[in-house]
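Quick notes on the structure that follows.
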Amino acid sequence: MIILASNSPRRKQLLQGLGIDFEVQVIPGIDESYPSDLPASDVAEYIATKKSVPYITQGTDNIVITADTVVVCDGEIMGKPADEAEAKGMLHRLSGKTHQVYTGVCIKHADGEKHFSVCTDVTFKPLSDEEIDHYVKHYHPFDKAGSYGIQEWIGYVGITGIRGSYYNVMGFPVQRVYEELRRIAWIKNGI
């Protein structure tokens, strides 16, 4: 059985797109802290791997998938905004710049685990105060790293370039997850 250990509706939607059976199971209260000296590019993978620890796969055929996404602008991690003011501040920082989105994934199974990180560069045009205010007021991006969803209005009007996986920016590098699941299935089937 494949278990998606995430409450993210976007990760659920993307994994469903692969046409595989899975169920969502989330153990609440998992610590998502990380060492302060960890490079920003390694944080998402570190947290995704840490999230996998409470899930037991030994003695089962279960495959558990955990993930975490961070937005990095000018070398600084931008998490989920606490409120409207913080969301607007993050979008002002992203305005007119290229930033990185890292999604770390850990796929844990009885034979071990595979963890990795995928990076995508995203470029925003200079955003006006009105555009930022409209987006935050109507889309409430408080559950999104960096205060935006690429698949929402701000992505339509603000993103001028992307290098890498679009789905990674949504929070789940589904193509890479697919390749890793295929590899695990081959190992289990002796192919």
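In what follows, residues are counted from 1 in the order of the sequence shown. No experiment lies behind these values; they were computed from the predicted model shown.
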(message) Does T160 form a side-chain contact (heavy atoms from CB on, under 4.5 Å) with F124? I'd like the steps, not just the answer.
(response) CA-CA 6 Å; T160 60; F124 270 105; over 6 Å; no
(message) Less than 3.5 Å apart, any donor N or O on the side chain of T120 or N168 sitting next to an acceptor on the other?
(response)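 Yes, side-chain donor-acceptor contact under 3.5 Å.
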(request) Would you check if there is a donor-acceptor pair between the side chains of E45 and Y102 at a distance under 3.5 Å? (result)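 No, no side-chain donor-acceptor pair sits under 3.5 Å.
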(request) Given side chain to side chain donor-acceptor pair (under 3.5 Å), test D121 with T98 step by step and report yes or no. (result) CA-CA 6 Å; D121 291 327; T98 298; over 6 Å; no
Within one Ile-Leu-Val-Met-Phe-Trp-Tyr cluster: [X] and [Y], side-chain cutoff 4.5 Å:
X: F142; Y: I150; result: yes
X: Y55; Y: M1; result: yes
X: V53; Y: I107; result: no
X: I47; Y: V101; result: no

(request) Please check if atom OH in Y178 has more than 12 non-hydrogen atoms from other residues, nucleotides or ligands closer than 6.0 Å. (result)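 Incorrect, the count does not exceed 12.
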Do the charged groups of [X] and [Y] touch, with an N to O distance under 4.0 Å?
X: E180; Y: R176; value: yes
X: K97; Y: D74; value: yes
X: K137; Y: E130; value: no
X: K80; Y: D143; value: no

(request) Without swapping roles, check the side chain of S165 against the backbone of P173 for a donor-acceptor pair under 3.5 Å. (result)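 Judged by distance alone, no pair lies under 3.5 Å.
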(request) With side chain to side chain donor-acceptor pair (under 3.5 Å) as the test, would you mind laying out the steps for Q151 and Y166 before giving the verdict? (result) CA-CA 9 Å; Q151 72 281 8; Y166 172 87; 5.1 Å; no
(request) Show the numbers, then the answer: is there a side chain to side chain donor-acceptor pair (under 3.5 Å) between S33 and K50? (result) CA-CA 9 Å; S33 63; K50 191 174 182 180; 3.0 Å; yes
(message) Using ring centroids (six-membered ring only for Trp), state whether Y148 and Y139 fall under 6.0 Å.
(response)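 No, ring centres 6.0 Å or more apart.
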(request) For residues C73 and R93, report the shortest heavy-atom separation together with the two atoms involved. (result)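 Shortest heavy-atom separation between C73 and R93 comes out as O-NH2, 3.3 Å.
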